[in-house]
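Reviewing the structure listed below.
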Amino acid sequence: MSLNESEPTAVGSYDATNAVLVLEDGQVYVGQPYGAVGETFGEIVFATGMTGYQETLTDPSYDRQIVVQTFPHIGDTGVNREDPESSRIWVSGYVVRDPSPVVSNWRATGSLDDDLQAEHIVGICDIDTRKLVRHLRSAGVMRAGIFSGDALTDESGKIVPVDVLLAKVAAQPTMSGANLGPEVSTKETYTVEPTGEFEGKDPLATVVAVDLGIKSMTPHRLAERGCRVHVVPMTTTFEQIQAMNPTGVFFSNGPGDPSTADDTVDLLRKVLDAGYPFFGICFGNQLLGRALGFGTYKLKFGHRGINQPVKDLTTGKVEVTAHNHGFAVDAPIGETIVTPYDNGHYGKARVSHVDLNDDVVEGLECLDIPAFSVQYHPEAAAGPHDASYLFDRFVDLMLNHKDSKEGSVNA
């Protein structure tokens with residue numbers, strides 16, 4: 001149910017048994033509570049994946065965002081303890097059309113509704129998510145709030161009118177200018193040892209992964225290729241990174257506006273200046289863009305889901321990829337250019353990947369230093385495996401750089 005902004009305040013159009021979604025432009029959707037009841041706020045975005053809702057919910061890049069699932073039926077496989085990408089649910093709110101009334105999967109340990117309640121995630125269901133997403137595609141993502149239970153009544157027990165709920169939404173901070181890395185980054189360093197055929201063996205390479213909101217599958221993808229991965233807080237200094245004697249450095253995905261991450265950009269420049277091979281994903285791609293002197297900007301409604309087509313301009317191959325980003329790098333496509341920072345301090349670079357839906361930059365490749373990045377998520381959690389070769393590319397880059405260094409020393 002949607003109420004037009006020009007209609008009177010909606011007292012009587014909902015009651016305390018409902019859940020109400022209010023967008024900052026005045027659109028209102030009335031449905032039923034899903035998960036916890038109460039009130040929550042965030043930037044409302046939509047994710048287009050048909051599967052992988054558990055990985056979406058636990059992706060730290062969704063910090064302070066209300067996620068709308070475009071696929072109408074959510075929750076049928078329940079939840080398990082193997083698929084989460086972090087130790088908690090990070091979305092600030094959850095919007096689905098038809099939650100599954102039953103759980104049917106041999107791996108399930110519980111229902112999605114129970115998990116949302118246990119982690120106090122306020123949600124709404126039984127609304128027209130197709131209409132909502134079409135509106136967000138035309139109007140752009142914006143601030144929103146979900147209200148249910150006591151949040152819909154005042155002290156006297158009367159229903160709170162829409163204009164009061166809308167004022168609460170309008171008082172929330174925007175995603176532009178938000179520095180959210182400190183909220184999601186690990187507080188302590190931890191290490192992921194080589195796995196699979198490399199388990200128990202000396203690592204082929206040592207990677208320092210700066211956690212800006214890292215997904216757990218990412219260090220695992222490196223570990224299964226023979227890497228020892230030290231995942232470190234975003235406050236780690238360059239000297240601390242050096243002390244770990246890394247073969248390469250990785251910057252993870254993460255939430256927030258990359259224009260606020262000046263300290264992390266400075267850290268990355270020190271990494272590049274020292275000659276460490278570098279690989280960045282998502283937020284790490286945006287920070288590499290900034291380190292090279294490019295700007296970043298906010299997308300109208302962003303890319304979120306596991307079915308986004310991207311072309312690798314170095315090979316001509318088209319990949320179906322997993323995305324979660326609302327900001328992008330502003331760099332010219334189809335040409336090799338001298339990087340803007342400090343009159344070409346880092347030599348030449350080019351855009352390596354581009355989104356085929358809207359020509360957004362999806363990857364950068366440096367030609368004179370050992371550094372590259374992609375805007376999407378090649379760890380395939382959840383998502384296709386088309387881009388897993390990027391981890392192989394990073395390992396090859398580290399090993400080749402290591403061999404060239406050792407060769408020059410021995411010579």
Once you round to the nearest 0.5 Å, how far does CD of Glu362 lie from CG of Asn357?
9.5 Å

For His325, give me all partners under ring-ring contact (aromatic ring centres under 6.0 Å, His included), at least two apart in sequence or on another chain.
His303, His323

Validation: residues 196-205 side-chain donor-acceptor distances under 3.5 Å, sequence neighbours left out:
unit_1 : atom_1 : unit_2 : atom_2 : d
Lys201 : NZ     : Glu197 : O      : 3.1

Pair Asn285-Gln375, side-chain donor/acceptor within less than 3.5 Å
yes

Name all residues meeting the side-chain hydrogen bond (donor to acceptor under 3.5 Å, both in side chains) criterion together with Thr48; count only those two or more places apart in sequence or in a different chain, and write none if there are none.
Asn307

Give every residue pair that meets the salt bridge (Lys or Arg N to Asp or Glu O under 4.0 Å) criterion with at least one member in residues 52-74, sequence neighbours excluded.
Arg64-Glu183

Look up atom NE2 in His135 and atom CD1 in Ile44, then write down how far apart they are to the nearest 0.5 Å.
9.0 Å

Side chain of Asp25, backbone of Gln27: donor and acceptor closer than 3.5 Å?
yes

I would like to know whether Ser259 and Asp257 meet side-chain hydrogen bond (donor to acceptor under 3.5 Å, both in side chains); could you show each step before the answer?
CA-CA 5 Å; Ser259 70; Asp257 186 341; 2.9 Å; yes

Might you point out which heavy atoms bring Ile127 and Leu21 nearest each other, and give the distance in Å?
CD1-CD2, 4.1 Å

Salt bridge (charged side-chain N to carboxylate O under 4.0 Å, His left out) filter on Glu43, not counting sequence neighbours, yields Lys298

Test of ring centre spacing under 6.0 Å for Phe327 and Tyr297
no

What distance separates Glu119 CD from Trp90 CH2, expressed to the nearest 0.5 Å?
10.5 Å

Any side-chain heavy atom of Asp76 within less than 4.5 Å of one from Val102?
no

Does any part of the side chain of Val91, heavy atoms only, come nearer than 4.5 Å to the side chain of Ile121, both counted from C-beta?
yes

Would you sort out whether Gln69 and Tyr94 count as a side chain to side chain contact (heavy atoms under 4.5 Å, CB included), showing the intermediate values?
CA-CA 8 Å; Gln69 295 280 180; Tyr94 202 43; 2.8 Å; yes

Rounded to the nearest 0.5 Å, the CD atom of Glu85 sits from the NE2 atom of His220 at a distance of 10.5 Å

Between Tyr346 and Tyr341, what is the ring plane arrangement, given parallel below 30°, perpendicular above 60°, and tilted in between?
parallel

If we only count heavy atoms from C-beta on, is the Thr206 to His230 side-chain gap below 4.5 Å?
yes

Could you pull out all residues at least two apart from Phe283 that satisfy ring-ring contact (aromatic ring centres under 6.0 Å, His included)?
none

How about Tyr376 and Ile281: do any of their side-chain heavy atoms sit closer than 4.5 Å?
no

Salt bridge (Lys or Arg N to Asp or Glu O under 4.0 Å) pairs, two or more places apart, involving residues 262-291:
Asp262-Arg290

Is Thr129 reaching over with its side chain to a backbone N or O of Thr70, donor-acceptor style, under 3.5 angstrom?
no

Is it true that Ser61 and Asn253 share a donor-acceptor pair across their side chains at a distance under 3.5 Å?
yes

Apply ring pair (Phe, Tyr, Trp, His ring centres under 6.0 Å) to Phe147 and Phe41, showing your working.
CA-CA 9 Å; Phe147 306 88; Phe41 304 94; 5.5 Å; yes

Please examine the side chains of Pro99 and Leu112, heavy atoms only from C-beta on, and report whether any two atoms are closer than 4.5 Å.
no

Mind checking what makes side-chain hydrogen bond (donor to acceptor under 3.5 Å, both in side chains) contact with Glu82, not counting sequence neighbours?
Arg107

For residues 309-327, which residue pairs qualify under salt bridge (Lys or Arg N to Asp or Glu O under 4.0 Å), counting only residues two or more places apart or in two chains?
Asp312-Arg393

Would the Tyr276 and Phe250 ring centres measure less than 6.0 Å apart?
no

Separation of Ile159 CD1 from Asn18 CG (nearest 0.5 Å):
8.0 Å

Contacts of type side-chain hydrogen bond (donor to acceptor under 3.5 Å, both in side chains), residue Thr235, not counting sequence neighbours:
none

Qualifying residues under side-chain hydrogen bond (donor to acceptor under 3.5 Å, both in side chains), relative to Thr17, sequence neighbours excluded
Asp15

Find out whether Pro84 and Gln54 are in side-chain contact, i.e. whether some heavy atom of one side chain is under 4.5 Å from a heavy atom of the other.
yes

Is any side-chain heavy atom of Pro246 closer than 4.5 Å to a side-chain heavy atom of Val207?
no

Which pairs, with at least one residue in residues 340-353 and sequence neighbours excluded, count as a salt bridge (Lys or Arg N to Asp or Glu O under 4.0 Å)?
Arg350-Glu365

Please examine the side chains of Phe294 and Pro332, heavy atoms only from C-beta on, and report whether any two atoms are closer than 4.5 Å.
yes

Distance in Å, Asp128 CG paired with Tyr29 OH, rounded so as to fall on 0.5 Å steps:
7.5 Å

